[in-house]
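To keep things clear, I will list the structure first and then write my remarks on it.
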Amino acid sequence: MQDSKREQFPGTGDPSGGASATAVAAEPFARPERQAGLAGLSTRAFDLLRYSVGAILLFALAATLGLQDWEGIPGHVILAFLLIALASELLPVTLPLDDAEITLTPIIVWGVIALFGPGPGALVALGAAFAGSVLHKLVLTSKPGQPREGLWQYLTYNVAVIGITTCAGGLTYQALGGARLAMTGLEGTALGPDVVWPLVAGTVVALSLDLFFYALGSAVSDSAQHDDLSFDAIWMRAKVLWVKSVFAFLPSYVMFTPFAFVLAYLFVWNGLGFWGMLPILIPFFSLRQTLKLVTENIRAYRQTITTLATLMQKYHPYTRGHLKRVADLSLRLARELRLPAQSQQWIWEAGLLHDIGKVGVPEQILDKTTRLTDEEWEIIKQHPVKSAEILSQLEFLDTIVPWVRHHHERVDGTGYPDGLKEDQMPIEAAIIAVADAFDAMTGTRNVADGRSRRQCDACEWKPPDGAPMPEECPDCGATLIRVYRQPMSIDEGISQLRYGVDTQFSPRVVRAFIRMMAREALSQND
Amino acid sequence: MIEQAFVATAFAVAGVFCLVSLYVSFVWLPRKMERAYSNALRTLATAVETKDSGTLGHAERVAELAVRIAERLGLPRSEVKKVRYAALMRDIGKASVPHRILNKEGELTEGELRVVRNHVREGAAIVSQIPFLAPLADIILHHHERWDGSGYPDGLAGEQIPLASRIIGLVDDYEAMTSERPYHKAVEEEAARRYIEEASGVLYDPVVVEAFLAVAGTLPLSPEKAEASAA
């Protein structure tokens with residue numbers, strides 16, 4: 001329901017307002033696609049889980065439909081509710097700064113339960129979720145040449161869970177004597193005990209089941225990724241996830257009762273019928289449009305500013321490739337470590353921008369291959385501070401300021417600028433530190449040492465006939481020959497990281513890094 | 001009675017909600033984004049300025065004065081905004097000019113001069129890669145052209161130079177003259193204005209000079225000058 005695992009719509013709308021960027025930035029700085037989540041995973045354990053869930057669904061559905069009094073329920077009205085629910089399923093609200101999606105469907109479903117009982121409610125919920133995800137996957141987000149992976153998993157797990165929670169919640173409503181407002185009318189119904197309290201109880205049951213299945217599914221998929229499918233491992237992960245997701249799920253469930261009540265009440269009141277849905281539909285869709293606009297504007301802003309700031313960092317010929325690789329690697333590490341959504345959202349930008357403060361540092365110091373003087377070292381040590389200062393002045397980028405400031409801290413507390421220890425520095429900073437160091441060691445740089453060049457890159461100065469290229473251009477002073485180390489192999493890089501664990505690098509991040517690399521090497525061999 | 005009130009409240013809340021959404025979408029958000037962009041461009045321009053000693057806050061003052069001239073010339077709002085952003089971004093290409101050339105005291109060699117002059121091309125190349133800023137590329141490329149064709153990079157003359165570039169070029173010179181640099185001492189504002197007036201029709205577009213003279217006195221002094229006059 002909420003926070004569904006489907007991919008997002010690609011941003012297509014044009015943000016209004018002259019200043020807002022309409023298009024996203026140039027290709028090389030496009031953010032990597034989101035990984036397929038739970039749905040993409042197919043293991044035997046997960047299959048087993050899905051079949052059990054399917055069986056539970058069939059049982060719950062049979063009970064719900066069997067216990068429902070179908071007499072007098074108008075089929076065309078239920079169909080109309082189903083279509084409205086389907087439409088809302090296809091038009092979710094995406095919250096800015098966080099990819100969580102909210103749809104109106106559960107409110108409609110609970111409204112239908114309060115109007116007609118759990119049977120029609122379950123039909124509307126399942127129909128909308130099923131048709132919605134099929135349409136979404138097959139029509140709206142299908143890209144040519146891309147396999148439609150995950151649909152079957154999504155249908156048999158996520159949609160089935162929606163069915164189960166609705167059936168259980170609806171049955172609770174019925175068992176507690178919940179009224180069917182469309183049948184009984186408002187007269188003679190005590191709204192509190194007959195509608196509101198059963199609705200609250202029903203949503204509590206639905207919430208608990210939703211949390212249970214979400215935690216279980218994620219725990220199984222996590223455990224499968226760590227190659228440990230023992231009961232204990234799954235149970236431990238599920239417990240952690242359960243507690244964590246209560247706060248993610250609760251807010252939307254709290255909204256269900258009041259809105260579903262208003263929806264049902266207005267539907268019955270004075271025969272308003274579907275007109276009674278306007279006070280819910282109109283605000284929801286205006287909220288959707290507004291949030292969409294805000295999200296797109298912020299996203300375009302982030303891309304524009306990140307691209308601009310990255311293009312500005314031209315002090316080394318290899319810098320740009322390096323920044324991009326650090327950003328990609330940091331994002332993958334954040335995913336491997338299962339950091340919160342917000343960290344995964346921002347760490348890519350942080351990877352590109354972590355050295356922006358070097359723009360003001362003289363190139364002679366950055367290029368220097370001999371020992372730095374104390375004064376030069378002080379200047380170098382200031383660059384994370386400068387980076388953080390610059391970023392702190394930009395809007396919508398506050399999150400990454402501490403990550404950037406501390407990306408040269410060492411876990412033993414001897415780093416700069418603040419000498420933080422492992423438990424004091426943000427994990428994101430530790431990630432950037434590892435990614436930065438690893439790519440600096442292994443990255444494919446422009447190793448061409450300049451001796452083969454015919455002229456100066458900067459000012460087009462040419463050495464006189466036959467003379468060798470000097471180290472510095474006599475005309476403009478550009479460094480022509482840089483002494484780079486030969487890049488290390490991946491294995492050498494990893495052993496360097498291992499060597500620095502507990503002094504320079506965070507053990508947690510390095511472990512995740514090695515795990516990730518090992519898995520990738522394995523999947524490449526397959 | 002309570003029922004009617006309940007239903008009426010539901011509809012009223014929905015209506016207010018819509019109005020708030022409209023306000024956020026079409027008034028609050030554009031303003032917020034405008035501020036965010038202009039702030040971000042200013043910050044990034046400042047980051048480049050830290051390289052070039054003595055130019056801190058320069059971009060902002062140039063932008064301010066250039067916008068006033070553009071407004072004085074009656075340019076439409078969208079053009080004024082372009083002038084503002086281009087003035088902020090005009091020296092972004094200096095990020096790729098080595099520190100030691102930017103801060104060199106004394107005469108630049110021919111090669112160094114080529115590198116410095118290349119900053120307009122670098123700047124135009126950077127902004128042209130960003131859709132939102134791409135329209136500024138031409139303005140940035142030509143902001144060192146002169147009315148008589150003696151500027152760089154293409155030696156354009158007269159109206160061939162984009163108007164925004166003519167405005168920014170003039171303001172850039174004025175600001176450079178009146179502030180301290182490694183290679184020269186600051187000139188009195190009065191003297192700088194006289195110099196620009198004399199160069200009207202030679203280095204600068206007479207129309208722009210006229211607008212400049214009309215608005216130049218209205219700008220607050222730069223911090224160091226304010227300090228000097230207070231002392």
Side-chain angles (χ1 to χ4, degrees), chain A residues 15-26 186 262 265-266 269-270 272 276 278-280 282-283 286-287 289-290 293-294 297-298 300-301 304-305 307-309 311-315 356-357 359-364 386 390 393-396 456 458-461 473-478, chain B residues 3 6-7 10-11 13-15 17-18 20-22 24-26 29-44 46-51 77-78 81 89 92 95-101 103-104 108-115 118 122 125-127 129-133:
Chain A
S16 79
S20 0
T22 47
V24 283
L186 291 174
V262 169
Y265 187 92
L266 291 180
W269 187 78
N270 260 358
L272 266 183
L278 288 183
I280 290 187
I282 294 176
S286 60
L287 176 73
Q289 284 316 107
T290 306
L293 209 58
V294 170
N297 270 279
I298 293 179
Y301 168 90
T304 303
I305 298 309
T307 309
L308 181 60
L311 289 171
M312 273 168 49
Q313 303 181 58
K314 266 197 67 176
Y315 42 85
I356 182 81
V359 167
V361 177
E363 298 78 4
Q364 302 99 292
K386 277 191 186 157
I390 292 170
Q393 287 173 45
L394 302 180
E395 257 135 301
F396 309 119
C456 167
C459 71
E460 294 162 16
W461 172 86
C473 172
D475 209 1
C476 72
Chain B
E3 285 179 15
F6 178 74
V7 175
F11 278 93
V13 167
F17 202 95
C18 287
V20 172
S21 295
L22 285 174
V24 169
S25 304
F26 298 108
L29 184 65
R31 276 193 207 153
K32 172 92 184 157
M33 294 316 293
E34 163 97 50
R35 266 203 306 276
Y37 274 105
S38 127
N39 176 35
L41 298 189
R42 198 169 55 225
T43 306
L44 294 178
T46 311
V48 177
E49 281 174 350
T50 56
K51 253 187 125 160
R77 272 180 62 177
S78 61
K81 198 190 303 177
M89 287 287 96
I92 200 87
S96 62
V97 180
H99 195 266
R100 50 162 286 282
I101 299 184
N103 294 285
K104 188 175 177 184
L108 296 179
T109 67
E110 207 178 301
E112 289 167 340
L113 205 58
R114 260 203 303 271
V115 175
N118 201 37
E122 287 282 348
I126 289 176
V127 297
Q129 290 188 53
I130 298 161
F132 158 66
L133 295 173

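In what follows, chains carry the letters A, B, and so on, assigned in the order in which the sequence lines appear, proteins first and then strands, with residues in each chain numbered from 1.
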Decide side chain to side chain contact (heavy atoms under 4.5 Å, CB included) for B:L44 and A:V359; before the verdict, give the C-alpha distance in whole Å, the side-chain angles of both, and the deciding distance to 0.1 Å.
CA-CA 10 Å; B:L44 294 178; A:V359 167; over 6 Å; no

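- Distance check, rounded to the nearest 0.5 Å: CG of A:L311 to OG of B:S96 gives 11.0 Å.
- Here B:R35 does not pair with A:E395 in a salt bridge; the nearest charged N to carboxylate O distance is not below 4.0 Å.
- Heavy-atom distances place no part of B:L108 under 4.5 Å from chain A, backbone and side chain included.
- From B:I130, atom CD1 reaches atom OG1 of A:T304 across 7.0 Å, with rounding to the nearest 0.5 Å.
- Heavy-atom distances place the backbone of B:V97, and not its side chain, under 4.5 Å from chain A.
- With rounding to the nearest 0.5 angstrom, the CG atom of A:L266 is 6.0 Å from the CZ atom of B:F11.
- For B:L133, the part lying under 4.5 angstrom from a heavy atom of chain A is the side chain only.
- Looking at every heavy atom in both residues, A:L287 comes nearest to B:S21 through N-OG, 4.1 Å.
- Here the CG atom belonging to B:L29 is positioned 5.5 Å from the CG atom belonging to A:L293, to the nearest 0.5 angstrom.
- Chosen from B:A40, B:A36, B:A47, the residue pairing most often with chain A at heavy-atom distances under 4.5 Å is B:A36.
- Considering all non-hydrogen atoms of both residues, B:S25 and A:T290 come closest at OG-OG1, 3.2 Å.
- Minimum heavy-atom separation, B:Y37 to A:Y301: OH-CA, 3.1 Å.
- Heavy atoms of A:I280 lying under 4.5 Å from chain B are absent altogether.
- Between the CZ atom of B:F132 and the CG atom of A:L308 there is a distance of 9.5 Å, given to the nearest 0.5 Å.
- The distance from atom CD1 of B:I92 to atom CE of A:M312, rounded to the nearest 0.5 Å, is 4.5 Å.
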